[in-house]
Visitor: 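Here it is: the structure, laid out below.
Keep in mind it's a predicted model, so treat the numbers as computed, not measured. Below, each value reflects all heavy atoms present in this structure, side chains not excepted, and no hydrogens, waters or symmetry copies. Counting starts at 1 for both ligands and their atoms, in listed order.
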Amino acid sequence: MRKKIVAGNWKMNLDKISSKNLVLEILDKTDNNDINIIISPPFIYLEDSVKDCLRRDNVLIAAQNCSSYDNGAYTGEVSAKMLSTIGVDYVIIGHSERRQYFNESNEVLNDKLTQAISNNLKIIFCCGEDLEQRENNEYFDVIKDQLNSTIFLLSKENFRNIVIAYEPIWAIGTGKTASSDQAQEIHFYIRSLIKDKYGDKISNETSILYGGSCKPSNSLEIFSQHDIDGGLIGGASLNSTDFVSIIKSL
Ligand code: PEP
């Protein structure tokens, strides 16, 4: 059985009070069941949120980033070990905003993967094509390259720590969503790549989330697809009513 997951990536939004209120509202409106809810606030709110969320087994915490370095003179960085010691469960690696605005290369992503895995963090690894690559029908190759040069370099054992998020860049924060058929086509493709690389069992056990303008009005249809195991939600995770409605549709 694959894990069903709805993860909320708050990005650089909210303040201390609204963060806490949002977590409490989400906890209040959801049950302890088989769906894993992952909340990914900015670093500075992780610890408070962790403390509140630990009351429930199915509510987990993700950092939005970690350093590619172990420790030392790297001003402004937060290490995977620091995250692990405050009880963080997951870290998001490979998000298109970090690749684009912070120039994160595959080499940097691979160092981050190493740091996360050595510090017992699970990983939500993002991949996805931009609009031009979609329009030129290059998206299968783009995604294959993104995976081959990062998470597919991991051993079978380490790959078990990965949740994949397919996030077409043209759908992130734009209000444009991939249709459920477009998303399923890529999720099926990613699963077949995992099967070729790691075998049937791992491919059936790896959760693959969809991300990109997922909201209450489209989540049910997207999640009804066979290879879509949940969502990575940006904008709609900032409002408990919308986020909970997405969780319930899963
Ligand atoms: C994201 O950035 O991971 C994301 C899916 O954003 P949005 O839901 O706002 O498109």
Visitor: For ligand 1, which atoms, with element, lie under 4.0 Å from some heavy atom of A171?
Guide: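 By the 4.0 Å cutoff, the relevant atoms are 10 (O).
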Visitor: Mind checking whether K215 has a heavy atom under 4.0 Å from ligand 1?
Guide: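 Contact absent.
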Visitor: Number the atoms of ligand 1 from 1 as they appear, then name those within less than 4.0 Å of a heavy atom of G212, with their elements.
Guide: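 Close to G212: 5 (C), 10 (O).
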Visitor: In the hydrophobic clustering (ILVMFWY, side-chain contacts below 4.5 Å, transitive), which residues join L60, or is it alone?
Guide: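 So far as hydrophobic clustering goes, L60 is joined with I5, I38, Y90, I92, I124, V163, L209, L232.
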Visitor: I want to know if ligand 1 touches L232 in the polar sense, i.e. an N/O pair below 3.5 angstrom.
Guide: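 N/O-N/O distance under 3.5 Å: no.
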Visitor: Below 4.0 angstrom from a heavy atom of G235, which ligand 1 atoms are there? Numbered from 1 as shown, please.
Guide: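 Answer, ordered by atom number: 7 (P), 8 (O), 9 (O).
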Visitor: Is there a side chain to side chain contact (heavy atoms under 4.5 Å, CB included) between I190 and K144? Walk through the geometry before answering.
Guide: CA-CA 8 Å; I190 292 173; K144 191 179 188 174; over 6 Å; no
Visitor: What residue and heavy atom of the protein are closest to atom 3 (O) of ligand 1, and at what distance?
Guide: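 Of every protein heavy atom, E167 OE2, 2.7 Å lies nearest to atom 3 (O) of ligand 1.
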Visitor: For G211, take its heavy atoms, then give the atoms of ligand 1 lying under 4.0 Å from any of them.
Guide: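 Listed by number with element: 5 (C).
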Visitor: Give the residue and atom name of whichever protein heavy atom lies nearest to atom 1 (C) of ligand 1, and the separation in Å to one decimal.
Guide: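 Nearest protein contact, heavy atoms only, for atom 1 (C) of ligand 1 is H95 NE2, 3.3 Å.
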Visitor: Quick one: is the NZ or CZ of R98 closer than 6.0 Å to the six-membered ring centre of F102, and within 45° of its axis?
Guide: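 Yes, a cation-pi geometry.
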Visitor: Does ligand 1 have any atom sitting under 4.0 Å from a heavy atom of G173?
Guide: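 True for this residue.
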Visitor: Does the side chain of T177 come under 3.5 Å of the side chain of S213 through a donor N or O and an acceptor N or O?
Guide: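 No pair is found: no donor N or O on one side chain lies under 3.5 Å from an acceptor on the other.
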Visitor: So if I count the atoms of ligand 1 from 1 in the order they appear, which ones are less than 4.0 Å from some heavy atom of S213?
Guide: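 Counting from 1, the qualifying ligand atoms are 7 (P), 8 (O), 10 (O).
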Visitor: Please give the remaining members of the hydrophobic cluster of Y45, linking ILVMFWY side chains under 4.5 Å, ordered by chain and number.
Guide: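 Other cluster members: I44.
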Visitor: In the protein, which heavy atom is nearest to atom 8 (O) of ligand 1, and how far is it?
Guide: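 Answer, as residue, atom name and distance: G234 N, 2.9 Å.
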Visitor: Just say parallel, tilted or perpendicular for the rings of Y198 and F152, cut-offs at 30° and 60°.
Guide: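 It falls in the perpendicular class, over 60°.
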Visitor: Considering residues, nucleotides and ligands other than K176, do more than 12 of their heavy atoms fall under 6.0 Å from its NZ?
Guide: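 Count not over threshold, so no.
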Visitor: Atom 2 (O) of ligand 1: which protein heavy atom is closest, and how many Å away?
Guide: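 Sorting protein heavy atoms by distance from atom 2 (O) of ligand 1 puts K11 NZ, 2.5 Å first.
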Visitor: Is it true that T30 and R56 share a donor-acceptor pair across their side chains at a distance under 3.5 Å?
Guide: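 Their side chains do contain a donor-acceptor pair, which is all the 3.5 Å distance test asks for.
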